[in-house]
Amino acid sequence: MSQKPVALVLHGGAGVLAERAYDREIAHLEELAIEGRDRLARGESAVGIAVTLVRAMEESGLYVAGKGASPNTAGRYELDASIMEGPDRRAGAVAALEGFVSPIEAARVVMEATPHVLIAGAGAADIARQHKVEEIAEPESYYTPAAVADDREIATGTVGCVVLDRDGHLCAATSTGGTLRKRWGRVGDTPIIGSGTWADARVAVSCTGQGEFFMRANAAADVSARIRYLGASLDQAVRGVLEDIGALGGDGGIIAVDSFGNVSARYNSQGMKHAILRADGTISAGVR
């Protein structure tokens, strides 16, 4: 019997500037893709791998997520994350979470330990604390905002991972510090299931970019809908959603993997930091 395909895609955000080099980020994403390949070969679950790799990006300080997040206009670090798995569509998310090393682990707690999907603010912190998610000992010195010189009105940064494991299960996970210079209390697409993150029996999707536009397009779920109802291929579906976002005036990127091991990593911005593990075992990483 032939072995089922496995694949994964990582992104480190579509807030890419043409004049800047991203060698450290690309090397890091490639390392994580190799780690993901090894974990898939050991038979680890899509959920476990997605959380592990996203947490590594949160802790690296290289991206506008986790340690690399920037403060909002009130000087506070309010972070968002979500996770979803197929085919049963279990999902969990946190919004405006403060004081924890790994928002994606808090989102997993919501998915696995509560009957809810999205918990925000102090409520999210409370459930994370109850389940021993690691807290930041010294918040005033923990964060090292990733160097980003982005003067767009909605300047962005997000990390994400989509995985197909050898049991045929799909998972998507996304984490962000939100848009740069965001108003306090602002929540973007990342913790909104269907907008920034989606996984079902067909596809797993993680988005990055100007979240307000991704919410208006219901972008992540629309990728699956285009496959299911329009008969689009994975790549056609991703391209179509990005065209819709562009028509609204937004930019960003989308990564996706389907149940057959096909992968897509597309963007309509200047670039997107990403790494891909294909079903044939090959790995590629880049910005463009």
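- In this structure, OG on Ser175 lies 6.0 Å from CD1 on Ile104, to the nearest 0.5 angstrom.
- Note: Met57 CE to Thr158 OG1 = 10.5 Å, rounded to the nearest 0.5 Å.
- Applying the side chain to side chain contact (heavy atoms under 4.5 Å, CB included) rule to Glu140 yields the partners Glu138; only residues at least two apart in sequence or on another chain are considered.
- Among residues two or more places apart in sequence or in another chain, the side chain to side chain contact (heavy atoms under 4.5 Å, CB included) test is passed with Lys67 by Tyr142, Thr144.
- The residues Asp38 and Arg42 are annotated as not salt-bridged, no charged nitrogen and carboxylate oxygen being separated by less than 4.0 angstrom.
- Cluster annotation: Leu234 and Ile254 are assigned to the same hydrophobic cluster (Ile/Leu/Val/Met/Phe/Trp/Tyr, side-chain heavy-atom contacts under 4.5 Å, transitive).
- Identified under the ring pair (Phe, Tyr, Trp, His ring centres under 6.0 Å) test for residues 31-69, with sequence neighbours left out: His28-Tyr63.
- Remark: the backbone N or O of Ala14 is paired with a side-chain donor or acceptor of Thr208 at under 3.5 angstrom.
- Remark: side-chain polar atoms of Arg239 are not paired, donor with acceptor, to backbone N or O of Arg266 under 3.5 angstrom.
- Looking only at distances, a side-chain donor or acceptor of Gln210 sits under 3.5 Å from a matching main-chain atom of Asp251.
- Looking at residues two or more places apart in sequence or on another chain, you find a side chain to side chain contact (heavy atoms under 4.5 Å, CB included) between Ala113 and Val109, His131.
- For the side chain to side chain contact (heavy atoms under 4.5 Å, CB included) test, residues two or more places apart in sequence or in another chain that qualify with Arg129 are Phe100, Ala125, Glu135.
- A single hydrophobic cluster is seen to contain both Val6 and Ile283, as judged by linkage of ILVMFWY side chains at heavy-atom distances under 4.5 Å, directly or through other members.
- Summarising the geometry of His11 relative to Ser206, their closest heavy-atom pair is NE2-OG, 3.0 Å, with the distance given to 0.1 Å.
- Among residues at least two apart or in separate chains, ring pair (Phe, Tyr, Trp, His ring centres under 6.0 Å) pairs with a member in residues 76-96 are Tyr77-Tyr143.
- At a threshold of 4.5 Å between side-chain heavy atoms, the hydrophobic network of Ile, Leu, Val, Met, Phe, Trp and Tyr places Met111 and Leu118 in two separate groups.
- The backbone N or O of Glu78 sits less than 3.5 Å from a side-chain atom of Lys182, completing a donor-acceptor pair.
- The hydrophobic cluster containing Leu164, built from Ile/Leu/Val/Met/Phe/Trp/Tyr side-chain heavy atoms closer than 4.5 Å, also comprises Val9, Val162, Leu170, Ile255, Val257, Val263, Tyr267, Met272, Ile276.
- Cluster membership for Val133 and Ile83, using ILVMFWY side-chain heavy atoms within less than 4.5 angstrom, is not shared.
- Neither Phe214 nor Ile192 shares a network with the other; the hydrophobic side chains, linked directly or stepwise wherever heavy atoms of I, L, V, M, F, W or Y lie under 4.5 Å apart, form separate groups for each.
- Across Leu277, Val47, Leu53, Leu40, a single residue satisfies side chain to side chain contact (heavy atoms under 4.5 Å, CB included) together with Val163, and that is Leu40.
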Kindly list each side-chain donor-acceptor pair under 3.5 angstrom involving residues 86-97, sequence neighbours excluded, with atom names and distances?
unit_1	atom_1	unit_2	atom_2	d
Asp88	OD1	Arg90	N	3.2
Arg90	NE	Glu85	OE2	2.7
Arg90	NH2	Glu85	OE2	2.5

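- Here the straight-line distance linking atom CD of Gln236 with atom OG of Ser264 works out to 10.5 Å at 0.5 Å rounding.
- Rounding to the nearest 0.5 Å gives a distance of 11.5 Å between CD1 of Ile34 and CG of Leu29.
- Listed by first and then second residue, the ring pair (Phe, Tyr, Trp, His ring centres under 6.0 Å) pairs that reach into residues 238-259 come to none, sequence neighbours excluded.
- For residues 91-108, the set of pairs meeting the salt bridge (Lys or Arg N to Asp or Glu O under 4.0 Å) definition, not counting sequence neighbours, comprises Arg55-Glu105, Arg76-Glu98, Arg108-Glu112.
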Check your understanding: Could you walk me through whether Val117 and Val110 pass the side-chain contact (heavy atoms from CB on, under 4.5 Å) check?
Key -> CA-CA 6 Å; Val117 171; Val110 174; 5.7 Å; no

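- Within the structure, the salt bridge (Lys or Arg N to Asp or Glu O under 4.0 Å) test picks out the following pairs touching residues 191-205 (sequence neighbours left out): Asp200-Arg202.
- Considering CZ of Phe213 and CG of Leu242, their distance stands at 13.5 Å, rounded to 0.5 Å.
- Rounded to the nearest 0.5 Å, atoms CG (Asp244) and CZ (Arg216) are 9.5 Å apart.
- Salt-bridge formation is detected for the pair Glu35/Arg39: a Lys NZ or Arg NE/NH1/NH2 atom is positioned less than 4.0 Å from an Asp or Glu carboxylate oxygen.
- For the pair Asp189 (side chain) and Asn218 (backbone), a donor-acceptor distance under 3.5 Å is absent.
- Listed by chain and residue number, Thr197 satisfy the side chain to side chain donor-acceptor pair (under 3.5 Å) test with Ser82 (two or more places apart in sequence, or in another chain).
- Remark: side-chain polar atoms of Asp258 are paired, donor with acceptor, to backbone N or O of Gly261 under 3.5 angstrom.
- Within 6.0 Å of atom CZ in Arg183, 12 or fewer heavy atoms from other residues, nucleotides or ligands are found, so the atom counts as exposed in its surroundings.
- Distance alone, capped at 3.5 Å, is enough to place a donor-acceptor pair between the His274 side chain and the Gly286 backbone.
- In this structure a side-chain-to-backbone donor-acceptor pair under 3.5 Å is missing from Thr282 to Arg278.
- Contact detail for Asp167 and Asp165: the closest heavy-atom pair is N-OD1, 2.9 Å.
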